[in-house]
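Everything on this sheet refers to the single structure shown next.
Since this is a predicted model, take the numbers as computed values, not measurements. Residue numbers run from 1 in the order of the sequence given.
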Amino acid sequence: MLIAKSNYIRKLIIESKEADLARINLSNIPGGPEIFEKAARFCYGVNFDITVLNVAALRCAAEYLQMTDLYCENNLCSRTEDFLSQVPLSSLSGALVVLKSCEDLLPMAEDLKIVQRCVDVASAKACVEANFPSRSPPNWWTEELTILDVSFFEKIITSMKSGGAKALTIASAIITYAERSLRDLVRDHSGNGIKSLDSGESDIRIQQRDLLQSIVALMPPEKAAFPINFLCRLLRTGIFLRAANICKNELEKRISVILEHATVDDLLVLSFSYDGERQFDHESIRRIISGFVEKEKNVSVFNGGDFKEASSTAMQRVAKTVDAYLGEIATSVDLSISKFNGIANLVPKGARKVDDDLYRAIDIYLKVSKMPTLLVSWITRIVDDLKLSYRVIYCRLIQI
């Protein structure tokens with residue numbers, strides 16, 4: 001019965017030099033013993049279920065065993081092909097389940113175009129769902145994609161881009177995937193707990209770093225497609241995992257483009273480790289602010305204005321956020337005067353309408369650091385006394 005439907009087994013037996021062949025080696029069959037048992041059941045006419053979970057393995061096994069219609073009508077190859085077309089490849093969820101099962105069936109699943117067919121169906125139906133949701137919540141389809149390995153997820157995102165999917169649609173899928181696949185690192189940004197995280201070069205950390213870098217590489221070119229809070233959490237993850245500079249630089253550029261939408265909490269995400277205690281290097285913050293200021297300067301020059309004299313609303317908003325941020329990190333005993341001063345001086349003086357928040361940040365920093373008089377004089381030069389409110393001036397006089 002096996003020989004009648006499997007040309008591979010027939011050839012093994014015919015070509016064998018053993019007079020009484022009792023055993024043949026099928027250890028390389030896709031899907032292993034469980035799938036071979038189902039293929040054997042098929043040969044002997046015993047009923048079994050073809051499902052979305054096993055159809056890809058059965059199709060690969062049928063190809064391996066050469067169970068085509070050339071040797072027997074309505075053989076296992078054609079049966080599994082019919083099932084693939086009629087059941088899983090008719091829905092997004094079905095295509096994704098089959099695609100997930102192909103992770104253990106490479107490269108044969110790719111050679112048989114099972115992977116590509118699943119990708120084509122899944123990406124097309126995901127684009128339709130993004131524009132015309134068929135169920136609630138509207139972004140349910142992004143959760144479906146999270147079952148995939150990043151290499152298959154990348155194939156679907158690439159296919160969606162080729163199909164003309166909007167940047168916000170791609171961003172929605174990437175955000176959900178990142179929050180699921182890097183759950184502990186990306187989702188938590190409170191600075192409370194997660195003290196068990198190890199920043200060493202363990203295998204899991206290397207895998208997470210590779211995953212993060214793959215996710216960032218998939219981002220659409222539109223810089224404003226992602227919420228700034230998500231980008232800040234992703235950058236902190238990159239800093240923690242010691243991601244490649246090209247990965248961190250890309251995230252910094254994206255944050256700097258939309259920095260006017262950042263809150264103090266967003267910037268603090270980048271400044272503290274997951275246990276809320278140790279501070280990260282502030283160089284990322286400096287590059288982000290510097291990039292935003294440079295962008296505003298270029299816009300001002302293009303519009304024929306004077307960047308030093310007048311600042312945009314966005315620049316003024318960033319200046320206020322930066323001053324409030326300095327007030328939050330001023331209590332850190334590890335914050336050097338050069339870093340504090342460096343961040344404060346990145347903001348053009350014209351962008352600050354009032355220097356009250358900057359003055360408070362400096363006041364806190366000086367009290368915590370107990371600096372020498374010479375350094376106090378140096379750091380207080382960045383405050384314009386004419387931009388202090390009467391209330392701050394009064395408090396200042398009382399302290400003197």
Side-chain angles (χ1 to χ4, degrees), residues 189-192 227-233 235-236 239 251-252 254-273 276-297 310-369 371 376 378-396 399:
H189 55 95
S190 61
N192 297 321
I228 193 165
N229 179 266
F230 171 74
L231 292 173
C232 287
R233 286 181 283 139
L235 178 54
R236 178 172 72 164
I239 296 171
L251 290 170
E252 289 173 0
R254 288 177 178 272
I255 294 171
S256 67
V257 167
I258 54 173
L259 189 58
E260 68 268 25
H261 300 297
T263 65
V264 176
D265 287 339
D266 293 332
L267 297 184
L268 288 174
V269 164
L270 298 174
S271 300
F272 292 93
S273 59
E277 296 176 358
R278 182 174 55 83
Q279 283 190 316
F280 281 124
D281 193 342
H282 292 285
E283 287 306 306
S284 282
I285 292 289
R286 292 185 61 171
R287 285 192 294 269
I288 289 168
I289 298 172
S290 179
F292 177 81
V293 172
E294 189 64 29
K295 183 201 74 170
E296 288 294 301
K297 187 183 296 183
S311 295
S312 66
T313 303
M315 187 70 253
Q316 293 173 24
R317 189 180 296 127
V318 168
K320 191 170 183 63
T321 302
V322 170
D323 290 347
Y325 166 76
L326 287 170
E328 291 293 331
I329 66 172
T331 56
S332 174
V333 294
D334 297 326
L335 182 62
S336 67
I337 183 173
S338 60
K339 288 183 178 179
F340 183 96
N341 212 27
I343 295 173
N345 279 323
L346 286 173
V347 178
K349 290 186 177 296
R352 293 186 174 101
K353 298 302 179 183
V354 180
D355 276 6
D356 286 12
D357 289 340
L358 179 60
Y359 175 81
R360 291 191 185 97
I362 293 173
D363 188 49
I364 293 170
Y365 182 73
L366 295 178
K367 288 177 179 176
V368 171
S369 59
M371 297 171 58
V376 170
W378 174 36
I379 200 169
T380 52
R381 289 176 192 169
I382 61 178
V383 176
D384 187 345
D385 289 343
L386 297 178
K387 291 184 178 181
L388 294 176
S389 66
Y390 288 117
R391 182 178 179 182
V392 171
I393 294 174
Y394 178 72
C395 292
R396 189 178 180 184
Q399 290 177 353

**Message:** Any side-chain to backbone donor/acceptor pair from Asn341 onto Ile337? Under 3.5 Å, distance only.
**Reply:** no
**Prompt:** Asp266 and Ile255: side-chain contact (heavy atoms from CB on, under 4.5 Å), yes or no, with the steps?
**Reply:** CA-CA 10 Å; Asp266 293 332; Ile255 294 171; over 6 Å; no
State the [atom1]-[atom2] distance between [X] and [Y], to the nearest 0.5 angstrom.
X	Y	atom1	atom2	result
Ser284	Leu267	OG	CG	11.5 Å
Arg233	Leu251	CZ	CG	12.5 Å
Arg360	Asp356	CZ	CG	5.0 Å
Asn229	Thr263	CG	OG1	7.0 Å
Leu259	Arg254	CG	CZ	15.5 Å
Ser338	Ile343	OG	CD1	9.5 Å

Any idea which heavy atoms bring [X] and [Y] closest together, and the distance?
X	Y	result
His261	Ile228	O-CG2, 3.8 Å
Leu270	Cys232	CD2-O, 3.2 Å
Leu358	Ala344	CD1-CB, 4.2 Å
Ala351	Met315	CB-CG, 3.6 Å
Val293	Leu346	CG2-O, 3.6 Å
Phe340	Ala330	CE1-CB, 4.3 Å

**Asked** Does the side chain of Ser256 reach to within under 4.5 Å of the side chain of Lys295, using non-hydrogen atoms?
**Response**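 No - every pair of side-chain heavy atoms lies 4.5 Å or more apart.
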**Prompt:** Does the side chain of Leu335 come within less than 4.5 Å of Val368's, by heavy atoms?
**Reply:**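 When only atoms from C-beta onward are counted, Leu335 and Val368 do not touch, as no gap falls below 4.5 Å.
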Show every donor-acceptor pair shorter than 3.5 Å between a side-chain atom in residues 317-326 and any protein atom, with sequence neighbours excluded, or say none if there are none.
unit_1	atom_1	unit_2	atom_2	d
Lys320	NZ	Asp357	OD2	3.4
Thr321	OG1	Arg317	O	3.0
Asp323	OD1	Arg352	NE	3.0
Asp323	OD1	Arg352	NH2	2.9
Asp323	OD2	Arg352	NE	2.9
Tyr325	OH	Ser271	OG	2.5
Tyr325	OH	His282	ND1	3.1

